[in-house]
Amino acid sequence: MEGVKATTKDVSLQSRNVPNRYTFPCPYCPEKNFDQEGLVEHCKLSHSTDTKSVVCPICASMPWGDPNYRSTNFIEHIQRRHQFSYDTFVDYDVDEEDMMNQVLQRSIIDQ
């Protein structure tokens, strides 16, 4: 195939330092491997009256997240902050300044 260059990559080196942003443990109980929507539903159904301060596993996995921050009202937090998947709107490989420039360029085009 003309113009196509074959390359191979060592996947084990690339994925080693990438945090898991696709499945999450419940911060209240031992259940794990929830996707974002599943974690929201599980917590609403099983832990809506739990008042224990916990770390949001979704936020903790994000580049801007603080894995030590404990939410005092996790159920409200997860319902407000995690209504959509960040993967749809965020490019984790682009720094904040580049992302802001992209947003500004798109806003000019959309006018």
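Residue numbers count from 1 along this sequence. Fair warning: this is a prediction, and the values are worked out from it, not measured in the lab.
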Gap separating the [atom1] atom of [X] from the [atom2] atom of [Y], nearest 0.5 angstrom:
{"X": "N73", "Y": "D50", "atom1": "CG", "atom2": "CG", "value": "10.5 Å"}
{"X": "E41", "Y": "L39", "atom1": "CD", "atom2": "CG", "value": "10.0 Å"}
{"X": "E97", "Y": "Q102", "atom1": "CD", "atom2": "CD", "value": "11.5 Å"}

Does any N or O in the side chain of S61 come within less than 3.5 Å of the main-chain N or O of I58, such that one atom is a donor and the other an acceptor?
yes

Side-chain contact test, heavy atoms from C-beta onward, threshold under 4.5 Å: evaluate it for [X] versus [Y] and give yes or no.
{"X": "P27", "Y": "C56", "result": "no"}
{"X": "E31", "Y": "S46", "result": "no"}
{"X": "C59", "Y": "Y69", "result": "no"}
{"X": "E37", "Y": "H82", "result": "no"}

Would you name the heavy atoms of [X] and [Y] that are closest together and state the gap between them?
{"X": "A60", "Y": "V55", "value": "CB-CG1, 4.0 Å"}
{"X": "F24", "Y": "P57", "value": "CD2-O, 3.7 Å"}
{"X": "I75", "Y": "I78", "value": "O-CG2, 3.3 Å"}
{"X": "C29", "Y": "H47", "value": "SG-NE2, 3.6 Å"}

